[in-house]
Amino acid sequence: MSKELTARATDYSQWYNDLVIKGGLADYSAVRGCMVIKPYGYALWENMRDQLDKMFKDTGHVNAYFPLFVPKSLFEAEEKNAEGFAKECAIVTHYRLKTDEANKGKLMVDPEAKLEEELIIRPTSEAIIWNTYKGWIQSYRDLPILINQWANVVRWEMRTRLFLRTAEFLWQEGHTAHATKEEAIAETVQMLDVYADFVEQYMAVPVIKGVKSANERFAGAEDTYCIEALMQDGKALQAGTSHFLGQNFAKAFNVQFLNKENKLEYVWATSWGVSTRLIGALIMAHSDDQGLVMPPKIAPMQVVIVPIYKGEESKATIDAKANSLMQELKSMGIRVKYDNSDHARPGWKFAEYELKGVPVRVAMGLRDIENNVAEVARRDTKEKQSLSFDGLSTTIKNMLDDIQVNIYNKALAFRNENIREANTWDEFVQILDEKAGFVSAHWDGTGETEEKIKEQTKATIRCIPLNNKQETGTCILTGKPSTQRVLFARAY
RNA sequence: CGGGAUGUAGCGUAGCCCGGUUAUCGCGCCUGGUUUGGGACCAGGAGGUCGCAAGUUCGAAUCUUGCCAUCCCGACCA
C-alpha cells in the first residue's frame, strides 16, 4: 500500500496531484513553478506530438525553429500583444557571472556584463517570427507561409499547477502568413478543426468549438477560436486556441507583399497552439480513484502482460506463451510490455498498471495456459474475462478500439449532462454553485457585463459556440436584449 | 505577490513547545530464503548536509533572522 491515492470526492486537487506524481508522469523540480516531465509523461507527450505533427504536415505545414530570446524592441512592436504578456515575462539582463570576492565559492552577476538591450524569454513567438517573415516575404508568390514550431515557452505565473499552468511548458505554435483575409480565416478555422479532431479522436476528450469574447481574446488577435473541454469537477479547460491575427503583426513589423496587380498589401496572419496542458485535460477527463485512464491511441503502453507463476519451471512455460503474444501484438503495431520482473508480485503489478492507466492488462498462469485462455482486464470498465488464446491479439486490438470509443462516449455523456441553460440570474448562480459545468445563457455582448459576471461568480465566458443557434432573449445580468446564448463556466 | 500550512533517509512520519549520549517508527531499498491468481512473509543489512544560510549558545533537528521549495486560499493568468 505504498501508493495510496486521494479520492476525487475527498480533495479533487490533491487527487489530481497524486495521479501526476504517483502515476509517474511528472515530478516537482527545484525551480519554482517548473516541473520535470518524467519518461512516462514524456512518452505520452511524444505520442501526442507525433500525431499532431502528422496532422499539421497533412495540412501542408512544415516545422522550423526560432530563438528562445526576443529582443525587447521586437517584443514591444505589437503593442497589444506586448501589453498582454508584459506581466508574465522573464527577462535576461546580463550575460556573465563572476566569482564573488566577498563570498568565496559563490558566484554573482557581473555588473560589467549588462546587456545593451534586454532579452525577453518568449512567452509566445509572434514577435521574433514576424520580424523574420518580413525578410522572407516580398511578393504574393512567397505566400502562404505555413510554419509550425515545437518549442518551450515561459510565462511567469504566480500560481502553478502541474501540467495545467507552469512557468515553462512545451507546446507547438503555428504561425502562418497569407495573401488574403479569407485565406487566413480559413486557416484559423482549419487548425481549430485539426485540434478538435485530435483531442476528440486521439485523446478521447470531447470539446466545444467556439470563439472567445473580446475579454478573453489573445492579445493582438482579431478573433480567437478555441476548443473548450469539461473536467470531472465541472470546471472548464481551454484545450487549444487558434487565432486570426488580421494584419496586426504585419503592420507592427511592416510585412508587406506585392500582389498580382503590383500593389503593396499587408500580409494576413494566424497563429495556433496546444501545449502540455492537454495532458492535464486528459487526466481530469478520464481518470478515476484507482489512477490514470489512458486513451489507447496515445497511451505510452497499450497492453501489459503479467505472468503468474509458481517456480522457475512454470515461469519458463508462461514466458514462452507471453513472448509469442507480445510479438504478435507488436507486429500489429500495438505498444505492449511484458512485465516478468520477479521483484513484484502480480497483485502489486495489477495495482501499479491501473495507477498508470494502461488500457488492457493480460494476466496468465499455468492454469490459463492449460485451458488455452488468458485473463484480460480492461482499465476503463475494470471488467475481467478469460479469453481464448485463439485470435487473442485480434480480440485485444478490438478491445483497445472499444476502450477508445467507450471513454470518449463516457466523457461526452458527462459533458452533455453538464451543459445547462439558465434563464434568470438566480438560476445561473445556482447552477454554478450546485452543479458547475457549462451554463448556456444570454449575454448582452458587452465586456462590462462579462466582467461583472466574473466578479460576482468567478465564471467567465468560455466561448460563443460555432454555428450557435440564434434566438432572442435577455441578458442574464442586465436584462438587455441578446441574440444568442453563450457558454459560461468556472475554468482552469 | 498577500494570507495560511508544510519541509527530518526514496515516501509517510516521531522528536521541536521545554536545546544535551548513537535522531524514532512504518513502507520502500539491498542480501539470502520461502513465495507468487489483487499491493507476500521471515532473517539480516544499507541508507541522514534534520530544506539552505547566517546568528545565539559550551552545545542547535529543537531558539532567532534571512532565503529556497511545495501545498491550500486569494490576487494574477489568451
Side-chain angles (χ1 to χ4, degrees), chain A residues 1-6 11-14 16-18 21-22 27-35 80-81 83-89 103 105-106 123-124 126 153 155-162 164-167 169 171 173 211-226 228 238-245 271-275 277 290-291 306-312 314-315 318 340-355 361-369 371 373-375 377 382 384 386 454-455 458 460-463 491-492:
Chain A
M1 285 298 183
S2 63
K3 291 188 174 177
E4 218 155 296
L5 299 174
T6 305
D11 183 343
Y12 192 84
S13 297
Q14 194 55 48
Y16 175 81
N17 286 330
D18 281 1
I21 302 295
K22 293 177 179 170
D27 216 341
Y28 294 112
S29 76
V31 191
R32 183 188 195 91
C34 294
M35 63 191 273
K80 281 186 181 161
N81 185 252
E83 270 175 35
F85 284 106
K87 281 173 289 182
E88 45 184 329
C89 284
N103 204 348
K106 302 289 181 188
T124 181
E126 275 80 1
V153 286
R155 295 178 188 180
W156 211 260
E157 302 289 354
M158 287 304 155
R159 187 173 170 188
T160 60
R161 295 203 64 187
L162 295 164
L164 298 176
R165 190 180 297 108
T166 46
F169 57 93
W171 78 342
E173 46 181 325
V211 183
K212 287 291 186 188
S213 64
N215 286 9
E216 299 282 321
R217 191 180 291 154
F218 176 72
E222 294 290 310
D223 261 317
T224 288
Y225 293 73
C226 62
E228 292 286 327
Q238 177 177 296
T241 48
S242 183
H243 314 290
F244 168 59
L245 302 173
S271 69
W272 28 274
V274 295
S275 71
R277 183 179 225 212
Q290 276 68 50
V306 176
I308 296 159
Y309 54 88
K310 301 182 183 186
E312 282 304 311
S314 64
K315 185 164 183 296
I318 297 164
N340 63 349
S341 59
D342 195 37
H343 50 255
R345 295 166 82 254
W348 191 90
K349 291 177 186 174
F350 292 175
E352 183 66 13
Y353 291 112
E354 273 164 17
L355 170 60
R361 180 187 73 231
V362 179
M364 55 171 81
L366 275 189
R367 204 162 73 205
D368 299 302
I369 291 174
N371 295 322
V373 296
E375 182 195 81
K382 301 195 189 72
K384 284 196 286 198
S386 274
K454 185 180 175 183
E455 278 169 23
K458 289 175 189 165
T460 49
I461 296 176
R462 301 320 301 158
C463 70
Y492 277 98

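Protein chains get the first letters and strands the later ones, always in sequence-line order, with residue 1 at the start of each.
Checked by atom type and distance alone, the side chain of A:Ser314 pairs as donor or acceptor with a backbone atom of A:Lys310 at under 3.5 Å. A side-chain donor-acceptor contact under 3.5 Å links A:Lys349 to the backbone of A:Ser341. One N or O on the side chain of A:Arg217 and one on the backbone of A:Glu222 form a donor-acceptor pair closer than 3.5 Å. For A:Asn371 (side chain) and A:Val373 (main-chain N/O), no donor-acceptor pair under 3.5 Å exists by modelled atom type. Proximity of a side-chain donor or acceptor of A:Tyr225 to a complementary backbone N or O of A:Trp272 within less than 3.5 Å is not detected. Looking only at distances, a side-chain donor or acceptor of A:Asp368 sits under 3.5 Å from a matching main-chain atom of A:Gly365. A donor-acceptor distance shorter than 3.5 angstrom exists from the side chain of A:Asp18 to the backbone of A:Thr6, with no hydrogens or angles considered. Listed for the A:Arg277 side chain is no donor-acceptor partner under 3.5 Å among the backbone atoms of A:Gly240.
Of the candidate nucleotides B:A75, B:G39, B:C77, B:A75 has the atom nearest to the side chain of A:Arg159. Across B:G39, B:C77, B:C71, the shortest atom-to-atom separation from the side chain of A:Glu157 is found for B:C77. When distances run from any side-chain atom of A:Met158 to the nucleotides B:C77, B:C71, B:C76, the shortest one goes to B:C76. Of the candidates B:G39, B:A75, B:U70, B:U70 carries the atom nearest the A:Tyr28 side chain, counting heavy atoms from C-beta on.
A straight line from CD of A:Glu455 to P of B:A75 spans 10 Å, rounded to a whole angstrom. What separates CD of A:Glu83 from P of B:C76 is a distance of 17 Å, to the nearest Å. For the pair A:Arg165 CZ and B:C72 P, the computed distance is 11 Å after rounding to whole Å. Note: CG (A:Leu164) to C1' (B:C77) measures 13 Å, nearest angstrom. The nearest whole Å value for the distance from the CZ atom in A:Arg217 to the C1' atom in B:C77 is 18 Å. In this structure, A:Phe169 places its CZ atom 15 Å from P of B:C77, rounding to the nearest Å. The CD-P distance, from A:Glu352 to B:G28, rounds to 13 Å in whole Å.
Distance noted for atom C1' between B:G2 and B:G59: 39 Å (whole Å). For the P atoms, the distance linking B:G26 with B:C41 amounts to 13 Å, nearest Å. A gap of 29 Å separates the P atoms of B:C58 and B:G15, to the nearest Å. With P as the reference atom, B:G51 and B:G12 are 13 Å apart, rounded to whole Å. Comparing the P positions of B:G33 and B:A69 gives a spacing of 48 Å, expressed to the nearest Å. One C1' atom belongs to B:A60, the other to B:U65, and the distance between them is 15 Å to the nearest Å. Only the P atoms considered, B:C16 is 13 Å distant from B:U21, to the nearest whole Å. Taking atom P in both B:C63 and B:G7, one finds a spacing of 12 Å when rounded to whole Å.
Using a 4.0 Å cut-off between charged nitrogen and carboxylate oxygen, A:Glu228 and A:Lys212 count as a salt-bridge pair. For the pair A:Glu354 and A:Arg361, the salt-bridge criterion is met [side-chain N within less than 4.0 Å of a carboxylate O].
Listed pair A:Asn17 / B:U70 fails the phosphate criterion, with no side-chain N or O lying under 4.0 Å from OP1 or OP2.
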Let me check I have this right: for RNA chain B, each base becomes ., (, ), [, ] or |, based on Watson-Crick or G-U pairs with both distances under 3.5 Å. What is the full string? ((((((((.[[[..)....(....]]].((((((.....)))))).....[[[[[..)....]]]]])))))))....
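Each of A:Cys34 and A:Thr241 was matched to the nucleotide of RNA chain B holding its nearest heavy atom; the match closer to the 5' end belongs to A:Cys34.
Nucleic acid contact for A:Arg277: none, since no nucleic acid atom lies under 4.0 Å from a heavy atom of the residue. Using a 4.0 Å heavy-atom distance criterion, A:Glu354 is classed as a base contact. Contact annotation for A:Lys382: no contact, since no heavy-atom pair falls under 4.0 Å across all strands. At a threshold of 4.0 angstrom between heavy atoms, the contacts of A:Gly240 with the nucleic acid are absent. Within the nucleic acid shown, A:Lys87 comes within 4.0 Å of sugar-phosphate atoms alone, with no base atom in reach, counting heavy atoms only.
The two residues A:Ile308 and A:Ala363 make their nearest non-hydrogen contact at CD1-CB, 3.9 Å.
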Give me the distances for all protein-to-nucleotides 33-37 of chain B N/O pairs that come in under 3.5 Å?
unit_1	atom_1	unit_2	atom_2	d
B:U36	O2'	A:Tyr309	O	3.2
B:U36	N1	A:Tyr309	O	3.4
B:G37	OP1	A:Arg345	NH1	3.4
B:G37	OP1	A:Arg345	NH2	2.8
B:G37	O6	A:Arg367	N	3.1
B:G37	O6	A:Asp368	N	3.3
B:G37	O6	A:Asp368	OD2	3.3
B:G37	N1	A:Asp368	OD1	3.3
B:G37	N1	A:Asp368	OD2	2.2
B:G37	N2	A:Asp368	OD2	2.9

